[in-house]
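Single-structure report; data block below.
Scope of the values below: all heavy atoms of this structure, side chains included, with no hydrogens, waters or symmetry mates.
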2 protein chains.
Amino acid sequence: MSAGATRDAIVKRADALFYEGGFGATSFSDIAGLVGISRGNFYHHFKTKDDILDAVVALRMERTRRMLDAWEAEGGDPRQRILSFVHMLVANRAQIMAFGCPVGTLCCELAKLDHAAQHKAADIFGLFRDWLAVQFRALGMPARSEELALHLLAWSQGVAVLAAAFRDEAFIRREVATITAWLDGLASNQSD
Amino acid sequence: MSAGATRDAIVKRADALFYEGGFGATSFSDIAGLVGISRGNFYHHFKTKDDILDAVVALRMERTRRMLDAWEAEGGDPRQRILSFVHMLVANRAQIMAFGCPVGTLCCELAKLDHAAQHKAADIFGLFRDWLAVQFRALGMPARSEELALHLLAWSQGVAVLAAAFRDEAFIRREVATITAWLDGLASNQSD
DNA sequence: ACAGAACTAGGACGACTGTCCTAGTTCTTC
DNA sequence: GAAGAACTAGGACAGTCGTCCTAGTTCTGT
């Protein structure tokens, strides 16, 4: 029954704690307390704290992949799919205002720690970038699809950072509206 | 002679370490080693680690203020002043790709730590926002000046996050060019 | 020259960290 | 039901953390 159940619980709780408190500030005790297991029990499932981080990054990677697949399967047009991505800012606004973007803040923390997992964390961004590039290509702009994808990714990251700094929900909604307008103006006016 | 010289050295080194390694990951020993003083000596200058953080934030605030004043004193037009702000991304590209934006990453870390100094750190963003708003007003768009200021601030933050995640210098330069074009299109076409 | 403030070095302190060990329990498989 | 794997609790471990104390040095003003 417990085929990795405890392990999954550890990763799940660690995922939340790494997001809400940061990787460095989260201790084994914190995770153990939340999961409800002994602290010394970790070693059977993960040899080091970095192994937990790897598992958390893999979990987020997988979750992201499933989310993108779901958006793809919903069967709207590319514009609608891109808006699904942008709408994350509104849907997760409470968490974003409290803790920032899970991917962006983890990447920045790992960059400062010069941590080996930083590249894997950035790969989650890569997943979004590639998926967005596909959508832009489907929108009829193959030449600049990757640039546009990175641009939109950066835009949403900036919104997340400032939303966290100022705890400003109205700002999020305003920027999402601006992004939507920018997107609609893209097809007709390809100067921006 | 030493009228706060040691204290200033502590703050100066702590500022760099907080930026390059993060607040939580920087210890008294790290700072002491860099300054070249005894670890126990801190208590005479700062009662707690949070006091050092306060001093660092105050230092960054003051440094930002001086920078904005200098841009103001250079005597260009508002467009030129805004470009001075944007050009920071290029001028500091090496550090940004390695550690992100000093203000953005600190705000995000303090948000996760639920730290009392988070508001003070966000005030540095406030300084940029208000200064940028003044420039946009001088550009002839008083109604949306604050929104435009926040928008540009978020834009540059997004560039910093993704530049750090992907270590992509070309991306920085490309986005800076896009921002410049956006800025030049603002006065004539006020739809964006 | 001298009193008092300012400053410093070194280390003690309790708490907590990540890691690892050991002994015991539960489960799976035959 | 027995053998072996999978799992768990509890604590030992060396190290580091932020904080704080004490004793000694250096500086300042008179």
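Atom pair B:I37:CD1 and C:dG11:C1' shows a separation of 15 Å (rounding to whole Å applied). Across the protein-nucleic acid pair, B:F28 atom CZ and C:dC13 atom C1' stand 15 Å apart, rounded to whole Å. The CZ-P distance, from B:F42 to C:dG11, rounds to 17 Å in whole Å. Atom P of nucleotide C:dG18 and atom CG of A:D50 are separated by 11 Å, given to the nearest angstrom. The distance between atom NE2 of A:H45 and atom C1' of D:dA9, rounded to the nearest whole Å, is 12 Å. Atom NZ in B:K49 sits about 8 Å away from atom P in D:dT19, given to the nearest Å. Between B:I31 atom CD1 and D:dT19 atom C1' there is a gap of 14 Å when expressed in whole angstrom units. Between the NZ atom of B:K47 and the C1' atom of D:dC21 there is a distance of 15 Å, rounded to whole Å.
Here the side chain of B:Y43 is nearest to one of D:dT8, C:dG10, D:dC20, namely D:dC20. When each of D:dA6, C:dT19, D:dA9 is scored by its nearest atom to the side-chain atoms of A:N41, the top-ranked nucleotide is D:dA9. For A:S38, the side-chain atoms get nearest to D:dA9 when compared with the rest of D:dA9, C:dT8, D:dT8. For B:S29, whose side chain is taken as the heavy atoms from C-beta onward, the closest listed nucleotide among D:dC17, D:dC7, D:dA9 is D:dC17. Comparing C:dC7, D:dA12, C:dA12 by their closest approach to the side chain of B:R39 singles out C:dA12.
More than 12 heavy atoms of other shown residues, nucleotides or ligands fall within 6.0 angstrom of atom NZ in A:K49. No more than 12 heavy atoms of other residues, nucleotides or ligands lie within 6.0 Å of NE2 in B:H119, so this atom counts as exposed by the packing criterion.
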Carefully, step by step, assess B:V176 and B:H87 under the rule side-chain contact (heavy atoms from CB on, under 4.5 Å). CA-CA 7 Å; B:V176 166; B:H87 186 70; 5.7 Å; no
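The two residues B:I172 and B:L89 have their closest heavy-atom pair at CG2-O, 3.7 Å.
The side chain of B:T48 places no N or O atom within less than 4.0 Å of a non-bridging phosphate oxygen (OP1 or OP2) of D:dG18. Between B:T6 and C:dC7 there is no side-chain N or O to OP1 or OP2 distance below 4.0 Å.
In this structure, B:R81 contributes its side chain and B:W131 its backbone to no donor-acceptor pair below 3.5 Å.
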